[in-house]
Amino acid sequence: MSRIGRVERTTKETAVVVEIDLDGTGKVDVSTGVGFYDHMLDQLGRHGLFDLTVKTEGDLHIDSHHTIEDTALALGAAFKQALGDKVGIYRFGNCTVPLDESLAQVTVDLSGRPYLVHTEPEKMAPMIGEYDTTMTRHILESFVAQAQIALHVHVPYGRNAHHIVECQFKALARALRYACERDPRAAGILPSTKGAL
């Protein structure tokens, strides 16, 4: 049985549709109007093996903030919906990914409790094309708030802003993939001593 989440979010600033299949093959169809963000969402789908569709129309005549933020909120909500009752999953996942001179370490707990710890090198280039590099943390904050997961992202070093951000998305994709995969030894079991996630 496929685990699919679909969320439509419409405000005066944006119109967003996100659909994610956690048991996909990495098929991605993304269009937000922010090229680098599309590239990062493509990494998330392909390296997580999630089938991911994202269609966002936003007030880009102002800037990309609302478009990026609202897409991340919808993505988090769709991910939570797709997870369902979480019975039989691994729950925890981690991955370390290098990209040339940069390194990202990501650990996730599909705990039902939103919490983000995020560190990356200071004095990064402020922009990658139309993408404001300060938005990476905000994307993760927004995703975590809606997905209700605990997420630790640490980039101990890196020089190129493109590499610093991209390795975070690749490591996040793999960590999420590992955490939400079904554990064959725990079929029918909720991975919590509380009895709820």
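Values below: all heavy atoms of this structure, side chains included; hydrogens, waters and symmetry mates excluded. For this chain, numbers begin at 1 and follow the sequence in order.
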Working note: H138 + I68, criterion side chain to side chain contact (heavy atoms under 4.5 Å, CB included); need CA distance, chi angles, decisive distance, verdict.
CA-CA 9 Å; H138 193 48; I68 290 173; over 6 Å; no
Centroid separation under 6.0 Å, is that true for the rings of Y178 and Y90?
no
**OP:** Please step through side chain to side chain contact (heavy atoms under 4.5 Å, CB included) for the pair D23 and R182, ending with a clear verdict.
**Re:** CA-CA 10 Å; D23 302 308; R182 292 184 174 101; 3.5 Å; yes
Whether Q146 side chain and A74 backbone form a donor-acceptor pair below 3.5 Å: no
**Asked** Using 30° and 60° as the class limits, which term best fits the ring planes of F50 and F79: parallel, tilted or perpendicular?
**Response** perpendicular
inquiry  = Please confirm whether the ring centroid of H39 lies under 6.0 Å from the ring centroid of F169.
reply    = no
Smallest heavy-atom separation, G158 atom then S102 atom, equals CA-OG, 3.3 Å
State, with a plain yes or no, whether a side-chain heavy atom of L41 is found less than 4.5 Å away from one of V28. no
One should read off an interatomic distance between E19 CD and Q81 CD, to the nearest 0.5 angstrom, of 9.0 Å
Residues P114 and A145: closest non-hydrogen pair is CB-CA, 4.0 Å
- 4.5 Å side-chain heavy-atom contact, R9 and L73: yes
| Check: D42 and V30 side chains under 4.5 Å, non-hydrogen atoms | no
**Report entry** Other residues, nucleotides, ligands: >12 heavy atoms within 6.0 Å of E181 CD
**Finding:** yes
**Worked check of side chain to side chain contact (heavy atoms under 4.5 Å, CB included) between N94 and V108** = CA-CA 6 Å; N94 66 81; V108 64; over 6 Å; no
Same cluster (ILVMFWY, side-chain, under 4.5 Å), F36 and L99: no
When rounded to the nearest 0.5 Å, the distance separating OG1 of T67 from CD of E130 is 11.5 Å
Side chains of residues 189-197: which donor-acceptor partners sit under 3.5 Å, not counting sequence neighbours?
residue, atom, partner, partner atom, Å
S192, OG, K194, N, 3.0
S192, OG, A196, O, 3.2

### Message
Any side-chain to backbone donor/acceptor pair from D51 onto K27? Under 3.5 Å, distance only.
### Response
yes
(Q) Is there a side chain to side chain contact (heavy atoms under 4.5 Å, CB included) between T53 and V17? Walk through the geometry before answering. (A) CA-CA 8 Å; T53 300; V17 178; over 6 Å; no
H152 and V106, any side-chain heavy atoms less than 4.5 Å apart
no
Distance col, row I128:CD1 vs E166:CD, nearest 0.5 angstrom, shows 9.0 Å
Salt-bridge criterion met for D21 and R3 (N-O under 4.0 Å):
no
**Asked** Do L172 and L83 belong to the same hydrophobic cluster, where Ile, Leu, Val, Met, Phe, Trp and Tyr are linked whenever their side-chain heavy atoms lie under 4.5 Å apart, directly or via other members?
**Response** yes
Under 3.5 Å donor-acceptor, S2 side chain and I4 backbone:
no
I want to check something: taking the side chain as every heavy atom from C-beta on, are L151 and V117 in contact at a cut-off of under 4.5 Å?
no
#### Entry: Q105 atom CD, neighbour heavy-atom count above 12 within 6.0 Å
yes
Rounded to the nearest 0.5 angstrom, the NZ-OG distance for K86 and S111 is 6.5 Å
- Quick one: does D59's side chain have a donor or acceptor within less than 3.5 Å of a partner on I62's backbone? no
Rounded to the nearest 0.5 Å, the CG atom of L22 sits from the SG atom of C180 at a distance of 4.5 Å
Report task. Say whether M40 and L140 are linked into one hydrophobic cluster, either directly or through other cluster members, by side-chain heavy-atom distances under 4.5 angstrom. Result -> yes
Taking every heavy atom of L103 against every heavy atom of P156, the minimum-distance pair comes out as O-CD, 3.3 Å
Taking the side chain as every heavy atom from C-beta outward, state whether V165 and M124 have any pair of such atoms under 4.5 Å apart. yes
Between the CE atom in M127 and the OG atom in S64, the distance rounded to the nearest 0.5 Å is 6.0 Å
Exercise. Give a yes or no answer on whether the side chain of D63 reaches the backbone of H65 with a donor-acceptor pair at less than 3.5 Å.
Key: yes
Could you check whether any side-chain N or O of T14 sits under 3.5 Å from a backbone N or O of V16, counting only pairs where one atom can act as donor and the other as acceptor? no
(Q) Taking the side chain as everything from C-beta on, heavy atoms only, tell me whether S31 gets closer than 4.5 Å to T56. (A) no
R91 and D183 ion-paired at < 4.0 Å: no
(Q) Do V97 and F143 land in one hydrophobic cluster if side-chain heavy atoms of ILVMFWY residues count as linked below 4.5 Å? (A) no
Paired with Q168, the side-chain hydrogen bond (donor to acceptor under 3.5 Å, both in side chains) test is passed by just one of H118, R137, H163, namely H118
Handout entry: Residue pair F92 / L110, side-chain heavy-atom distance below 4.5 Å
Key = no
### Message
Tell me whether Y37 contacts the main-chain N or O of T32 through its side chain, where contact means a donor paired with an acceptor under 3.5 Å.
### Response
no
Within the distance-only criterion (no hydrogens, no angle test), does the side chain of E101 pair as donor or acceptor with the backbone N or O of R159 below 3.5 angstrom? yes
Item to complete: State plainly whether the residues R6 and E8 are in salt-bridge range, i.e. N to O under 4.0 Å.
Response: yes
Residues at least two apart in sequence or cross-chain that pass side chain to side chain donor-acceptor pair (under 3.5 Å) with T136, listed by chain then number, are Y131
Of all heavy-atom pairs linking G5 and A82, the shortest is N-CB, 3.4 Å
| query | Between V144 and L44, is there a shared hydrophobic cluster once you connect ILVMFWY residues whose side-chain heavy atoms come closer than 4.5 Å? | reply | yes
In short, A175 meets C95 closest at the heavy-atom pair N-CB, 4.0 Å
